[in-house]
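Quantities reported herein were computed from a predicted structural model and do not represent experimental measurements.
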Amino acid sequence: MEYNFLEIEQNWHRYWSENKTFKVKTDSSKPKFYVLDMFPYPSGAGLHVGHPLGYIASDIYSRYKRLKGFNVLHPMGYDAFGLPAEQYAIQTGQHPTTTTEKNILRYREQLDRIGFSYDWSREVRTCDPSYYKWTQWAFLEMFSHWYNKKSQKARPISELVSIFEKAGNSEINAASGEVDAFTSTQWNTFSEAEKSAILMQYRVAYLGETSVNWCAALGTVLANDEVKEGLSVRGGNPVEQRKMRQWQLRVSAYAERLLFDLDKVEWSDSLKEMQRNWIGRSEGAEMIFKVSNGEQQYDLEIFTTRADTVFGATFMVLAPESEWVEKLTTGEQRSAVEEYLVNAKKKTERERMAETKKASGVFTGSFAVNPFTLQNIPVWISEYVLAGYGTGAIMAVPAHDSRDYTFARQFDLPVIPLIEGCDISSASFDAKEGIMCNSGFLNGMTVKEAIPAAINEVEKLGIGKKKINFRLRDAIFSRQRYWGEPFPIYYKDGMAMPLELKNLPLELPEVDKFLPTESGEPPLARAENWIFEGYPLEKSTMPGFAGSSAYYLRYMDPSNSNELVGKEANSYWRNVDLYIGGTEHATGHLIYSRFWNKFLFDLGYVCEPEPFKKLINQGMIQGRSNFVYRVKGGNTFVSLGLKEKYETTEIHVDVNIVSNDKLDIAAFKSWMPEYENAEFILENGEYVCGWAVEKMSKSMFNVVNPDIICTNYGADTLRMYEMFLGPLEQSKPWDTNGIDGVHRFLKRFWRLFIQKEVFAVSEEKATAKELKILHKLIKKVQEDIENFSFNTSVSAFMIATNDLYEVGCTKREILEPMTILLSPFAPHICEELWKMLGHNESISFATFPEYIEANTVENSFEYPVSFNGKLRFKLTLAIGLSVKEIEAAVLEDENTARYLSESTIKKIIVVPNKIINIVC
RNA sequence: GCUCGGGUGGUGGAAUAGGUAGACACGCAGGACUUAAAAUCCUGUGAACAGAAAUGUUCGUACGGGUUCGAUUCCCGUCCCGAGCACCA
């Protein structure tokens with residue numbers, strides 16, 4: 001009986017599915033534990049060996065927690081709406097549903113081979129109407145709520161309406177767009193359309209004009225996290241800024257809570273830091289500067305974090321898009337300003353960013369009054385000021401802000417240093433440290449003292465107040481695409497009207513083509529009868545993050561047709577205890593999900609304010625490419641070690657025909673027709689390939705398919721090897737070299753049970769030494785799994801197995817618990833051995849063995865003895881001696897005397913069970 | 001530029017409340033079994049020097065300092081690599 005992994009794995013897959021081994025129910029007699037993977041987008045390429053890394057880790061943890069007596073929810077599903085399926089549909093005319101289903105089937109096959117313990121009865125697909133019904137429902141809830149800043153909670157719109165009816169909007173402190181003040185009397189005289197327009201400014205999901213990232217190549221708008229360096233994350237197409245009327249989610253209302261609640265979750269520091277940056281809280285002051293264009297005077301509001309530097313504000317700058325530009329441009333500057341604006345508009349976002357070193361700008365002709373120095377300072381326009389942050393206008397302090405400094409030098413504006421001894425001859429002094437000077441009442445204070453003192457003064461003068469600003473913007477929620485959730489919204493007399501829950505799901509209509517219409521409308525405009533009760537329905541669809549924002553809730557109660565998640569299910573499963581996924585979702589999915597959850601929390605639908613308690617980011621698995629070297633001008637290939645002697649071209653070769661960097665020459669010849677007659681210059685009879693770490697991709701021929709590994713080595717080897725590769729959170733290249741070591745271990749483990757075709761486990765009592773091997777392992781594996789150090793656990797299994805071989809132990813008392821320990825890592829082989837050990841039930845229902853301290857205690861310890869830190873000899877002493885007794889033993893030892901021939905002992909340092917150091 | 005990680009053999013990586021650096025694995029070399037191969041098993045494997053050998057000595061965790069009986073681990077400075085953010089006032 002050899003270890004026949006193919007047969008074993010097949011049998012157990014069948015057993016698990018027939019017995020529904022991993023089906024999980026709400027069970028209040030057991031503590032719950034919820035382990036979640038970020039569900040995949042089912043792409044046409046299938047899984048490569050890098051994808052399952054996180055899934056394997058979460059599966060190990062789930063199995064471990066089950067053995068520890070937890071009721072573990074471990075579901076899986078598909079994030080199935082998205083651009084690639086739609087692009088593919090445009091190219092081939094195939095319906096995205098068809099290709100998506102095909103891809104899902106393939107994914108499922110691949111996942112099943114690896115032996116995951118998912119409860120597939122809870123599978124969700126975001127493109128399934130019975131699922132997106134609840135995405136649409138959540139949108140409707142957001143549409144019918146507003147955010148009360150005073151109570152920090154979302155509240156029903158109906159409540160807002162009754163406040164307006166009684167008191168107008170003056171008492172309301174809401175997260176909203178710009179609304180003029182009105183009284184209750186005025187409200188009651190407003191038309192339906194006027195009321196609707198006002199309420200829209202308050203809704204959590206609202207339709208509003210905004211500057212958006214427009215991607216012409218994709219024909220759609222994109223959210224901020226879908227754009228990087230002026231290019232779309234998907235496809236790398238250029239993105240420009242455009243003003244458009246779009247659906248948005250008022251994520252910014254939750255900025256404060258999203259920031260503070262980061263303290264409640266166990267995420268890595270770097271991930272929390274990324275979210276903190278993205279949310280971008282900064283404390284400062286809002287201040288009013290009096291400005292005049294010579295004819296009229298205005299109050300211009302700006303935001304600053306450096307109120308202490310007002311004395312050095314020598315000019316002001318407006319963003320080109322600012323509404324102040326129009327008001328403050330004087331007659332004689334008008335043509336210059338217009339020219340500048342035209343040029344600025346032409347530039348793409350990318351070009352704007354590329355020109356950070358040079359400043360550009362134009363003078364408006366207006367002047368402001370510095371409220372502290374009372375001097376007139378000019379008002380300029382420049383691209384370096386962003387319209388979307390603060391008020392779109394700044395006071396410029398060139399001495400202490402590098403951007404203002406560059407601008408001032410370019411246009412020859414005055415620079416006044418405000419900190420004693422700072423050097424501003426070639427750069428500004430941006431640090432918030434030093435003693436103030438040239439600053440009137442602030443002179444002599446440190447910067448840290450001066451900031452609050454200045455804000456205080458500003459408030460006293462009545463020209464501003466303390467203010468906290470966030471960078472986090474509202475999420476743009478419309479996409480001009482086909483393959484997404486339709487909005488449950490129709491338009492009646494120009495007013496956006498919500499559908500009701502009973503009308504959901506609003507299913508995606510059929511269209512003849514998946515392209516925008518000739519008039520530039522989204523694809524849904526092609527659908528016939530895309531109307532509700534005679535009124536036109538919204539034609540955009542929701543973005544990718546809509547479906548992934550609450551999927552973890554749906555898994556708790558996937559077949560509930562009345563609610564997203566039932567009260568009972570939610571109060572049992574609560575939230576995700578362990579979430580494993582890639583770091584690429586740090587500022588997208590993980591922000592939106594938290595927002596979505598908090599909104600539902602405000603409404604009382606969910607019982608936890610945070611969705612993911614602990615989060616682990618698994619590293620990326622990169623490809624390890626192999627190269628062959630063709631001698632120039634021929635079809636001869638030279639082995640790596642000899643390539644310096646020739647002039648060669650480096651060519652990627654399929655890693656699947658290379659093993660341990662040795663090329664399979666026959667396979668190479670049949671790989672591509674052009675190599676059929678290739679000749680080789682070998683070293684030691686072999687062709688050695690070069691290698692490099694690159695992204696895993698088809699074009700580099702370095703994609704390794706998990707199916708092939710499963711066929712050649714088995715799923716258990718794949719699982720263990722992926723864990724053995726290195727720390728979970730670290731990125732590392734896949735290297736098939738080395739997989740043999742893990743495979744050999746499994747075979748060795750198998751042979752502990754079966755020797756020479758015979759099941760050889762004995763019922764004999766274990767010795768203390770054997771028990772020690774076991775209990776050392778229990779301790780180590782338990783600690784490692786809890787710290788997610790799966791790589792060192794694998795080593796521990798190898799060591800323990802070798803130790804058992806050394807003492808020749810094949811006793812049940814040792815092997816049975818070891819099988820349980822190993823089962824999270826290598827479930828198939830362990831299930832098989834478990835059955836051979838005479839158990840009827842799956843090993844998944846076994847109990848994790850208890851660690852017993854006594855068995856690991858030795859009766860003696862071999863102390864390394866060092867002199868002045870330098871190791872000299874070893875001394876074996878009984879355990880439990882006092883420090884005094886150990887010192888005495890050291891003095892009596894003959895080795896000590898030998899090494900002490902000339903010097904005398906000054907001090908003996910004893911670290912019990914560690915080391916003895918003698919200082920002389 | 002700012003923030004956070006990280007630099008250990010030929011390779012992946014172990015080891016940090018400071019205590020035998022290089023666990024485990026790959027690769028490589030040698031050996032056993034075999035007609036042979038595969039499989040399996042055993043031995044060696046950081047570097048330099050000395051020795052027939054057992055063994056010993058010195059150096060060694062990016063670099064330069066510091067604290068300590070003792071530093072991969074703590075502190076200061078420098079260099080390099082990776083990730084994220086980037087006109088956010």
Worksheet item: So A:Y863 and A:F861, would you call those rings parallel, tilted or perpendicular, with 30° and 60° as cut-offs?
Response: perpendicular

Item to complete: Just compare B:rG13, B:rC85, B:rA89 and give me whichever is closest to any side-chain atom of A:R471.
Response: B:rC85

Worksheet, complete the sentence: Testing B:rC4, B:rC41, B:rC87 for proximity to the side chain of A:L386, the answer is B:rC87

Practice prompt. Look at the side chain of A:D474 and the backbone N and O of A:S252, then say whether any donor-acceptor pair between them is shorter than 3.5 Å.
Written response: yes

Fill in: Whole-Å distance separating the CD1 atom of A:I591 from the C1' atom of B:rC85
13 Å

Worksheet item: Rounding to a whole Å, what distance do you find between A:K695:NZ and B:rA83:P?
Response: 13 Å

Discussion item. Below 30° counts as parallel, above 60° as perpendicular, anything between as tilted: where do the rings of A:F372 and A:F311 land?
Written reply: tilted

Worksheet item: Which glycosidic conformation, syn or anti, is assigned to B:rG9 if syn requires a torsion within 90° of zero?
Response: syn

Worksheet item: Between B:rA86, B:rC28, B:rA89, which nucleotide gets closest to the side-chain atoms of A:K662?
Response: B:rC28

Fill in: Sub-6.0 Å ring centroid separation between A:F5 and A:Y3
yes

Discussion item. Ring-plane angle category for A:F790 and A:F825, please: parallel below 30°, perpendicular beyond 60°, tilted otherwise.
Written reply: perpendicular

Practice prompt. Could you tell me whether the side chain of A:N787 and the main chain of A:S789 form a donor-acceptor pair under 3.5 Å?
Written response: no

Discussion item. I need the CZ-C1' distance between A:R748 and B:rC41, as an integer number of Å.
Written reply: 9 Å

Worksheet, complete the sentence: Stems field, RNA chain B, Watson-Crick or wobble, 3.5 Å, at least 3 pairs, by first number, holds B:1-7 with B:79-85, B:10-12 with B:24-26, B:27-32 with B:40-45, B:46-50 with B:55-59, B:62-66 with B:74-78

Output a table of nitrogen or oxygen pairs between the protein and nucleotides 16-25 of chain B separated by less than 3.5 Å.
{"unit_1": "B:rU20", "atom_1": "N3", "unit_2": "A:K874", "atom_2": "NZ", "d": "3.4"}

Worksheet entry | Rounded distance (Å) that lies between atom C1' of B:rA89 and atom CD1 of A:I451 | 13 Å

Worksheet item: Just checking A:T587: base, sugar-phosphate only, or nothing, at a heavy-atom cut-off of under 4.0 Å?
Response: nothing

Fill in: A:S282 and A:Y389: side chain donor to acceptor below 3.5 Å
yes

Discussion item. It should be established whether A:Q730 places a side-chain nitrogen or oxygen under 4.0 Å from OP1 or OP2 of nucleotide B:rG82.
Written reply: no

Worksheet entry | Atom-pair distance (CG on A:D269; C1' on B:rG6), nearest Å | 15 Å

Practice prompt. Please work out if A:P733 contacts a base, only the sugar-phosphate, or nothing of the nucleic acid, heavy-atom cut-off 4.0 Å.
Written response: nothing

Worksheet item: What is the nucleic acid contact for A:N868, judged by heavy atoms within less than 4.0 Å: base, sugar-phosphate only, or nothing?
Response: sugar-phosphate

Fill in: A:Y389 side-chain N/O to B:rA89 phosphate OP1/OP2 under 4.0 Å
yes

Item to complete: Remember a base hit wins even if backbone is also touched, and classify A:R872 as base, sugar-phosphate or nothing at under 4.0 Å, heavy atoms.
Response: sugar-phosphate

Worksheet, complete the sentence: Those residues at least two apart in sequence (or on a different chain) that pass side-chain contact (heavy atoms from CB on, under 4.5 Å) with A:R872 are A:F867, A:K870, A:Y899

Discussion item. Distance check needed: B:rC87 P versus A:Q410 CD, whole Å only.
Written reply: 18 Å

Worksheet item: Are the ring centres of A:H743 and A:Y721 closer than 6.0 Å?
Response: no

Discussion item. Need to verify one output field. Residue with the more 5' nearest nucleotide on RNA chain B, A:F867 or A:Y805?
Written reply: A:Y805

Discussion item. Taking the ring of A:F411 and the ring of A:W380, is the distance between their centroids below 6.0 Å?
Written reply: yes

Discussion item. Applying a 4.0 Å non-hydrogen cut-off, can you work out what A:E2 is touching in the nucleic acid: base, sugar-phosphate, or nothing?
Written reply: nothing

